[in-house]
Amino acid sequence: MRQSLVVGNWKMNGTRASSILLSQGIVAGLGSNSAQIAVCVPYVFLASVGEIIKDSRLALGVQNVADKPAGAFTGEISATMLNEFGCKYALVGHSERRSYYGDTNESVAARFSQAQAENIVPILCIGETLEQREQNQTFDVVNEQIDAVINLTGIQAFNSAVIAYEPVWAIGTGKTASDEQAQEVHQHIRQYIAAKDQVIADKIQILYGGSAKPDNAKGLFAMPDIDGGLIGGASLDAESFLKIYHSI
Ligand code: PEP
């Protein structure tokens with residue numbers, strides 16, 4: 001049985017003070033839910049949020065990681081540095097990184113590999129644009145995004161990784177994929193992995209992301225191949241993030 005996981009992506013929001021309050025609010029509402037939960041915070045809040053959540057089940061994550069281990073790469077943050085802060089998860093290949101900051105399938109694969117080298121679990125974000133969906137390219141796009149990582153790391157690397165299926169047209173737009181639309185792609189992703197390794201396919205957590213909210217999370221999470229969610233906007237409010245978490 002796969003464990004469920006809900007991850008908040010705070011993006012470039014908040015202040016140090018608001019991040020502390022938000023993480024305190026989430027910790028206070030975790031209750032007895034045994035599903036896994038994490039927040040991917042801006043780098044500069046890692047220490048403050050890490051201090052708040054250190055004795056709780058709320059895990060610490062970030063939104064990106066450098067594709068190189070160290071060196072003259074001005075402005076980058078390495079996996080080794082993140083490890084020092086107790087960072088457990090790193091998003092790699094979020095569509096905003098791919099579309100605004102030039103991330104390619106190859107650089108995303110390198111980030112994935114760097115995270116794993118420091119025992120940080122990469123959350124590989126994949127998904128199609130609206131245009132690609134309309135041209136029936138969804139499966140091809142996610143296959144290519146997964147293959148780029150497998151080509152670099154091998155399929156065994158997915159033993160300690162998470163996949164987040166995030167249709168680009170649903171991120172931050174208020175348009176959620178229907179439960180069936182999301183399930184169809186999640187099932188495809190699991191089958192695609194299964195063709196390479198059945199054991200990994202059965203155990204890998206595949207999260208849905210894209211305008212998930214308290215009122216639509218339950219339906220999405222009830223789908224057999226959806227193991228939780230990557231939550232953007234709704235993770236900025238402790239109450240709505242917790243409602244989503246408790247719909248697992
Ligand atoms: C995201 O940024 O990963 C995301 C899913 O955002 P939102 O929930 O706001 O669509």
Side-chain angles (χ1 to χ4, degrees), residues 3 5-31 33-97 100-101 103 107-108 110-125 160-162 164 166 172 205 207 209 228-242 244-245:
Q3 253 207 301
L5 169 65
V6 173
V7 180
N9 174 12
W10 292 359
K11 310 196 186 194
M12 195 175 72
N13 288 298
T15 60
R16 191 159 75 94
S18 72
S19 300
I20 289 171
L21 280 177
L22 179 52
S23 46
Q24 283 170 333
I26 298 168
V27 169
L30 290 177
N33 191 336
S34 63
Q36 296 173 314
I37 181 166
V39 282
C40 291
V41 307
Y43 295 131
V44 289
F45 303 145
L46 271 172
S48 310
V49 174
E51 188 55 31
I52 303 290
I53 72 181
K54 65 176 192 286
D55 297 321
S56 78
R57 288 186 296 102
L58 180 60
L60 196 55
V62 287
Q63 303 162 23
N64 194 18
V65 56
D67 58 348
K68 308 274 192 321
F73 302 104
T74 303
E76 291 296 301
I77 305 286
S78 74
T80 315
M81 295 169 186
L82 296 172
N83 196 357
E84 273 196 69
F85 286 85
C87 176
K88 176 163 183 202
Y89 294 102
L91 303 182
V92 297
H94 189 282
S95 72
E96 287 151 18
R97 300 296 319 172
Y100 305 146
Y101 300 100
D103 265 14
S107 71
V108 170
R111 295 178 197 284
F112 181 107
S113 168
Q114 287 301 320
Q116 284 195 330
E118 289 292 337
N119 293 318
I120 295 169
V121 177
I123 302 178
L124 173 64
C125 303
S160 50
V162 173
E166 300 205 295
Q205 292 165 313
L207 314 182
L230 178 54
I231 318 297
S235 73
L236 294 172
D237 174 72
E239 196 184 326
S240 59
F241 187 52
L242 285 164
I244 294 172
Y245 174 59

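The shortest side-chain heavy-atom distance between L22 and W10 falls under the 4.5 Å cut-off. Under the 4.5 Å side-chain criterion, counting only non-hydrogen atoms from C-beta, L5 is in contact with Y89. With a 4.5 Å cut-off on side-chain heavy atoms, V162 and L230 do not count as touching. The shortest side-chain heavy-atom distance between Q114 and S78 does not fall under the 4.5 Å cut-off. V39 is not listed as a side-chain neighbour of S235, based on a closest heavy-atom distance of 4.5 Å or more.
Here the closest heavy-atom approach between residue V65 and residue A90 is recorded as CG1-CB, 4.2 Å. The minimum heavy-atom distance between A110 and D67, with the atom names listed, is CB-CB, 3.7 Å. Pairing each heavy atom of C40 with each of V62, the nearest pair is SG-O, 3.4 Å. When all heavy atoms of A164 and I123 are compared, the closest pair comes out as CB-CG2, 3.9 Å. Nearest heavy-atom pair, V121 versus A161, reported as atom, atom and distance to 0.1 Å: CG1-CA, 3.8 Å. Here the shortest heavy-atom pairing between L58 and I53 reads O-CD1, 3.3 Å.
If you take CG on D237 and CD1 on I244, they are separated by 9.5 Å, rounding to the nearest 0.5 Å. In this structure, M12 CE and Q63 CD are separated by 10.0 Å, a value rounded to the nearest 0.5 Å. For the atom pair Y43 OH and L82 CG, the distance stands at 6.0 Å (nearest 0.5 Å). With rounding to the nearest 0.5 angstrom, the CD1 atom of I20 is 8.5 Å from the OG1 atom of T15. Between atom CZ of residue F241 and atom CD1 of residue I37 there is a gap of 4.0 Å, rounded to the nearest 0.5 Å. A distance of 7.0 Å separates CD of E96 from CG of N9, quoted to the nearest 0.5 Å.
Sequence neighbours left out, the pairs with a member in residues 70-82 that pass salt bridge (charged side-chain N to carboxylate O under 4.0 Å, His left out) are E76-R111. Every pair tested for side chain to side chain donor-acceptor pair (under 3.5 Å) that includes a residue from residues 19-28 fails, sequence neighbours excluded, so the list is empty.
Listed for the N33 side chain is a donor-acceptor partner under 3.5 Å among the backbone atoms of Y245.
Partners of Q36 by side-chain hydrogen bond (donor to acceptor under 3.5 Å, both in side chains), not counting sequence neighbours, listed by chain and number: Q3, Q205. Scored by the salt bridge (charged side-chain N to carboxylate O under 4.0 Å, His left out) test, E118 finds no partners at all (sequence neighbours excluded). Residues meeting the side-chain hydrogen bond (donor to acceptor under 3.5 Å, both in side chains) test with K54, sequence neighbours left out: E51. Scored by the ring-ring contact (aromatic ring centres under 6.0 Å, His included) test, F112 finds F158 as partners (sequence neighbours excluded).
In R57, the CZ atom is crowded: over 12 heavy atoms of neighbouring residues, nucleotides or ligands sit closer than 6.0 Å.
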